[in-house]
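Since the structure comes first, as structure tokens, the remarks are kept for the end.
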Amino acid sequence: MSMFARAFARSSAFKRAAIRRGGHGPASYNEPGGYLFNEKPLAPGQKRVKEEWETIYYWGMGGGFVLMSALLYYKPDTSVVTWATKEAEKSLKEKGVSLEYPKSA
């Protein structure tokens with residue numbers, strides 16, 4: 001076997017092993033257990049214990065969502081159309097042109 005053939009044979013063996021491990025080293029791969037987030041279902045009557053980061057995460061994400069909603073709701077209108085409409089109304093008012101339609105009887 002030539003030197004190149006041995007090199008390619010080794011690299012493909014390493015690739016197969018990496019694919020088998022999920023592309024990571026053996027320490028970072030957890031075998032699937034069949035449960036969501038690897039949490040086994042609790043017995044009836046038992047209450048799930050929250051981890052310490054969960055409360056901070058929920059309050060932070062919820063508060064951030066409420067804050068961003070309020071900021072977007074009260075955001076000033078800076079569109080070009082609004083600016084152009086105001087400028088056109090001001091220009092027509094200076095020229096004495098009325099924008100009101102006559103009321104029909």
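Worth saying up front: this structure is predicted, and the values here are computed from it rather than measured.
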- request: Say whether, by atom type as modelled, one donor and one acceptor occur between the side chain of Glu89 and the main chain of Lys86 under 3.5 angstrom.
  value: no
Between Thr82 and Thr85, do the side chains contain an N or O donor and an N or O acceptor separated by less than 3.5 Å? no
Task: Single-linkage hydrophobic cluster Trp53~Tyr58, side-chain heavy atoms < 4.5 angstrom - done: yes
Taking every heavy atom of Leu42 against every heavy atom of Lys47, the minimum-distance pair comes out as CD1-C, 3.7 Å
Residue pair Lys95 / Lys93, side-chain heavy-atom distance below 4.5 Å: no
inquiry  = For Glu52 and Glu54: C-alpha separation, side-chain torsions, deciding distance, then whether side chain to side chain contact (heavy atoms under 4.5 Å, CB included) applies.
reply    = CA-CA 6 Å; Glu52 60 187 33; Glu54 288 182 84; over 6 Å; no
**Q.** Expected output: side-chain Ser69 to main-chain Phe65 donor-acceptor under 3.5 Å
**A.** yes
